[in-house]
Every structure is written in C-alpha cells, then in structure tokens.
2 protein chains.
Amino acid sequence: MHSREGGPAALVRLVAAGQAESRADLARLSGLAPSSVSLRVEQLIEARLLTEEGEGASRGGRRPRRLRLAPAAGVFQVADLGAHHVRLAVVDLAGTVLAVTELPHEISSGPEATLDFVIENMPPSDQPVRGIGVGLPGPVDPVTGQVVSPSRMPGWSDFPVRDQLRARTGLPSLVENDANLMAVGEYRHSWPGLDNLMVLKLGTGIGCGVIAGGRLHQGRGAAGDISHVRIFAEATVDCSCGHPDCLEAHASGAALATALGVEHPTDILNLVASGVPQATSLARTAGRLIGDVVTALVNFFNPDALVIGGSLSGAEPLVSTIRAVIYERCLPLATRNLQIATSRSGRDASILGAGHLLLGAPLSDEWIDAVVR
Amino acid sequence: MHSREGGPAALVRLVAAGQAESRADLARLSGLAPSSVSLRVEQLIEARLLTEEGEGASRGGRRPRRLRLAPAAGVFQVADLGAHHVRLAVVDLAGTVLAVTELPHEISSGPEATLDFVIENMPPSDQPVRGIGVGLPGPVDPVTGQVVSPSRMPGWSDFPVRDQLRARTGLPSLVENDANLMAVGEYRHSWPGLDNLMVLKLGTGIGCGVIAGGRLHQGRGAAGDISHVRIFAEATVDCSCGHPDCLEAHASGAALATALGVEHPTDILNLVASGVPQATSLARTAGRLIGDVVTALVNFFNPDALVIGGSLSGAEPLVSTIRAVIYERCLPLATRNLQIATSRSGRDASILGAGHLLLGAPLSDEWIDAVVR
DNA sequence: ATGACTTACTTCGAAATCGAACGTACTGCG
DNA sequence: CGCAGTACGTTCGATTTCGAAGTAAGTCAT
C-alpha cells in the first residue's frame, strides 16, 4: 500500500498503521510537503486524534517528535466467528487489543441470533466506537456484504450481514471471510513489506487468504477457497459439495477429527503432540495433500511468503510435510525467495486484520474529515 | 486502476487509455477541479501532446470538445519474441498499431544477437520514440529486468535485458514475460473493468498472465508459471525441469507437436481443424489436463474472466474441453460470474500490453513533465 | 570542545488548486 | 418556438499546498 491521497485521514492511517512516527515520516510517506504535514498535524492534534508523546530516536540529526494516536481517537469492535465459538475484541485504531473474550456460540443458530449475541456480549469501551467488524467462516460477497452459499453455516446464505450490522449498531460495518481477515492481520502486523502473501488457515475447515500487491485479494468473494480442489488420494471420500475427493474431505480438521474419533480439531493437536502414531501419520498424509494443492498455487501466485495459521498449524508433522512438499515440487524460481512459516500474529490475527480494514475503509475517511472540520 | 495523482502525465494517460475524451471526463476521472483540468489541458495542447479534434456526442447538454493524442506525442516500439520468430511493432500512445512485421528469428541465438536484431529491424517511425518494450517467453524479474532461469532460452539466464536495452537505445525500456504482456493487452483493450483476469497463453509452451485488482500481478517474476505443475496422467513423461509429469510435458504445443509428429504448434491446428481423430483426441486430453490445473487456480483466484489465447486457442476441442472441466469441477461460487472466452485482442495482445505498461511506467511521467515545462 | 554534517520541523512568500458563479451550447418538452 | 433542464468549459477570487530558506537539535570525526 503506497501513497494514497493526502487527506487528513491518510495521515491518521499512516500513524495508526505504525508506518509513521513523526512529521518527517508522514511527509516522506504521504508525498506532501513537510510544511503541509505540519499544518495538518496541528489540526489533527487540535481535533484530539493525534498526540505528541516524547521524542523518537535520532537518525543522525535532530530527534523527531513522536506522534501517536490519541486514545480519544476511538476504538473498533471486532467479532471473529468460528463454527462453535465467538472471539470478541475491542482494538484501538493502531491495532492494540484492549479487551478480548472468547465465548461458546453455535454459528448454526443463524445470523439474527448470532448478531444479537455479538452485540450483546461485546466488551465495553470508554472510548468512542468508530466501527464494527465481523469475520465469518464462509465466503462473503465484497460488494453486498452477504454470505454466499457457505457450507458450514446453515441459515446464513444470502443474509445481508453487513447491512444488518450497520442497521443494528449505526456504525461503519465490515463483514469479511475469516481467512481473509487473518491474511490482512498477518500482513500488517507480522509481514510488512511482503506484498504478496498467502495465508493458510487450517482449522475445522481449510481457508486461505491472499494479499496481492499489498491489498487483500477478494475476487468476487470466493478467492482463496481451496477446500474443494480435487486431490488424488488412495481411498475415495465424497465431499458435502457433491464432488468426490475434495481437499477438505481428506485434510481438514473436521476430516482428521472424524478419522481419529475425536470431536474438536484441538484434540488432534494433543494426539499429535503426544506422539500417537496414527495421528502423526494422518497429519503427514494431510500435509502431503495440502502441499500438493498449494504447490500449484505457489507456482501460480509466486508469493513472498506462505504463512500457515489456524489451530492445526500447531501440528508440527503437518506443517513440516507441507513445507517439504513445496520445496520438493515447486519451481526453484518460486521457492528461491519464498518464506514458509507459521502464524506470527496468533489467535488475534483476524481481529487485527479487521481493525486494519476498518481503518482503511472509506468509512473512516468520512468521520476523520468530520472530526477535523 | 482508479484515480492516480493529478500530474500532467495522469491526464495524458487517461486520454491515451481511451478512458477520457473531454475535459469533463478528465475532471471526473482525475479528481481534479474542472478549472484545473482546463488549465492543464491548455498546457498539454501547447506542448503538442494533445489536440482538440471536433466535438463529441452530447449527453443532454453542450457537446464536449473531443481531446485526442497528438501524433507528435510519439510512439512506442515493441518486440514480441517467440521461440522462433519476432513480432516487431510501432504503436502510438493510445495503443493503435501503426506498423507490424513478423520475422523469423531464433531466440536461442542469445540475448545480444536478438537485441541487435530487434533494434535493427524495428519498423521506422516519423514520430519521436518514447519507449521500447520487449516481451520474452520466460520469467522476468520485475526488479532487475533480467531473465531468470528460462527453459527455452539458452544463453539468456541472468542477462540484464532491460539495462542493455536502455543502454543501446537510450529509451525508457520495459522487459516483461510475454504472457504477462498479453494479459495486460487483453485487459485494457478487450476486458476493461474485469479487474481480476487470468489469461492463458497456449502456444509452444504454456504461459499464464494474471491481472489482480486491475494491476499486473508479477509476484517475484515467476507468477503465472503453471507449466511445471504436477498432473496425473496415464503414462509418465519426464519434463526438462527434472520432475515427472509436469503439465508442460503433456499438454503444451511442443508436447502435442511431438506426439503428432509435426514441427510447429500451428500444424496442430490444421490437423485438428481437418478432423484428424488422433489430433482431436490429443487436444481433448490436453484440454482436460490443463482444465484440471486451471480449476484449482480458478477456485483460488476467483477471477472475473478466464481468457484463452496463444496459437492453440484456435483448437476448438481443446478450448471447449477446458471450459467443460472448469464448469464441472469448480465451485459454483467461482463459476457463477466467470466468463471463459478466447482472446479478443488476437496476435497483437502482447504488443498492446507493452504499450500500455510503457505508458503507465514512471518513465513516462518524466518525459511528459519535461515536455510540458 | 569544535566544526562539519545530518535530520526535524517551521516560517513565509510564491504558485498551484479549488470552487462557486458564469457563459455557452445542446436536448427535450409543451 | 420558447423555455426548462442539463452538461461542458471558463473566469476569478479564496484557499491550500508548495518549496526554499531558516531555525532547532542532534551525530560524528577530529
């Protein structure tokens, strides 16, 4: 993400994203003249969106006067929905998590009940709420903000989630696929500068978020959906989508859990960690299947890094098998500069991603402009 | 590609790209005030980069005064290199092809000889040359402008093509993979607005160019390289890359030509067109293999359109098999709004793409600024 | 310490840009 | 035909942005 326009919102964003700490940084990154930056910053401080806080480290000359977001600049509320639980958080504009709770909740209880639950249980905040974001384990149409034909979310199909969220809260609202949020979170907080990024989310299902050219690649809402790619396995398993031998039917947390006779994907981790041979072997097989699919995608997309997250990313044999398959089968050209690593932002990756997308939305421009004037 | 900055170059670009025909268009698209646009346009006319030419159609009010690029604004020279031939063209900034020649030339004669050949045989032009672009059938590092470990281009590896081109011609220079150029050409001239586009180039080899979010996706130079994705075929064939069963070894024009005992991929077209059973059957098999690979990519990338170009795109059974496989195996969500079509820009797609990239390069900003001042 | 150099930020006149009003030229309707 | 409505383009004073010079406050080598 390079130089946007030089409105007041752009400066706030640069500070919030941690890219700029001083007026000089802002001038460099925004393309505005130093004098213009000074003027604007003064306005923003007056509007209580920014504060001056101490001094930064010298880079060989006068020390910069460090700029930070003022607490009064506000917060975002974020809900990361899984199949059986909800993670609710309040983050400030810079992406600091101020409060989190994780509560059990069945997403199958439907959109209305779920949104009620989210709004009801959101942690309170002293500061003004500037927006609300929701991550969902299914495809979200970026234009309408609706969920489209999700496999694990009965009752959600074509429900206007974004509109309902805005109607109920009156806040700028964001609805996005969970793997996409995770990709944005990892990108902004752990892999800045790696503008082409693939983030695998291995949990109950198999998701993938894609950053292309520094921006979230949404496609028409289904981008990153690799669950139903055909794979070639020994035994045939029919997938819920109607086709045989989808990746998800063989290698998802749900599939592994079934094969191992446990209920939750997290149980798999324990089995693998304690060295149960069958679990390790299954993890390796899953890793090979996932790796085979991702190999083609890595050749095609040629990312700077492949990040593996989700609860199953804690299963070492699975991750190392994926890594091995990729290095073995991909073009040397594609792996030459490729980093393959597990998530660095952890459980909060999606929440951080939602915060960042909310900050970047045109929505945010509006209220920043409004506050400054 | 939305509103860039409002420099003089931006306005020229909008006119050249055919997006703007009047001052009013420019004001809308650039975000500048109408008054500022008028001022700038006057300068550009004075600098002989734009001309006023007649009037446009009324949209319910006063007719716009149509703006066009002045011929004196200049031209680009473009070379599209294949394995055995070179296509040389002169295009104006708006992408009109003013002259083309196609000459036999072996790319295996090496970079020095090839660049000499290109420069020597470029069609002459009355107008000032503003840049030169070269398309190559191999991966190009977007940072250095070097070819990196190409399979069909002996002697080219790590040769600094872009630097050499600039050194020899003194012109702003562009070097890019041929499939990437083709993707840009198709996107700008035949599929505007479809900002997520995959363009397959089926010729001697198998290439793929990707437009993500309206911009060419280069990755680290290898993006779109699907030749060496592993496929599952009946018989095993070893690929030159050292792995067995690469897509290219089974389904490329070169592979088909070998199997059919002909020399050039174009000969395959004749055999298929005249209904030779073996040729048709092979085309279908190739289509299925390519389709299987592309299916995964379509799910992952979720493009608005898949465009099939290159000489083999004339083989109807091949194309229709690819189409059938995709519609059969992809997620409904991914195919719901997907267009699958053959190239609309034809043989000149790459040349048009090079023209457009040259126009968009920062290089162009510089000389436009220079001419205006 | 001293002086040369680097970086951060501000000041202030010059230049670019804006925006509201105006002039122009067309469409479409009664 | 005449008039309302709409769109294109320009004029001109108000505003924003720039940029060169100046001030402030550091580092580093001597």
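To find a chain, count down the sequence lines: A is the first, B the second, and so on, and within it residues start at 1.
Rounded to whole angstrom, the span from the CG atom of B:D369 across to the P atom of C:dA16 amounts to 13 Å. Atom-to-atom, CG of B:L26 to P of D:dC8 comes out at 12 Å; the value is rounded to the nearest Å. A straight line from CZ of B:R65 to C1' of C:dA25 spans 11 Å, rounded to a whole angstrom. The separation between B:E21 atom CD and D:dG9 atom C1' is 16 Å, rounded to whole Å. The distance between atom CZ of A:R63 and atom P of C:dC9, rounded to the nearest whole Å, is 12 Å. In this structure, A:R66 places its CZ atom 12 Å from P of C:dC9, rounding to the nearest Å. Rounded to whole Å, atom P of D:dT11 lies 11 Å from atom CZ of B:R23. Following rounding to the nearest Å, B:Q43 (CD) and D:dT10 (P) show an atom-to-atom distance of 13 Å.
Taking side-chain N and O atoms only, A:R40 has no distance below 4.0 Å to OP1 or OP2 of D:dT16. Phosphate contact (OP1/OP2 of D:dC18, side-chain N/O of A:S36, threshold under 4.0 Å): present. Note on A:R59: a side-chain N or O is less than 4.0 Å away from OP1 or OP2 of C:dA8.
Contact detail for A:S30 and A:V37: the closest heavy-atom pair is OG-CG2, 4.2 Å.
If you find the closest nucleotide of DNA chain D to A:P34 and to B:D25, the one lying nearer the 5' end belongs to B:D25. Nearest-nucleotide mapping onto DNA chain C: of A:G60 and A:E42, the residue sitting toward the 5' end is A:G60. If A:R62 and A:A33 are placed on DNA chain D by their nearest nucleotide, the residue sitting closer to the 5' end is A:A33.
Side-chain proximity of B:P64 to the nucleotides D:dC8, D:dT10, C:dC9 is greatest for D:dC8.
For the side-chain contact (heavy atoms from CB on, under 4.5 Å) criterion with A:L357, the lone passing option out of A:N180, A:L352, A:L174 is A:L174.
A:D92 contributes a side-chain N or O that, together with a main-chain N or O of A:G95, makes up a donor-acceptor pair within less than 3.5 Å. Proximity of a side-chain donor or acceptor of B:S58 to a complementary backbone N or O of B:G61 within less than 3.5 Å is detected. Looking only at distances, no side-chain donor or acceptor of A:Q218 sits under 3.5 Å from a matching main-chain atom of A:A223.
A donor-acceptor contact under 3.5 angstrom links the side-chain atoms of A:S35 to the base of D:dG19.
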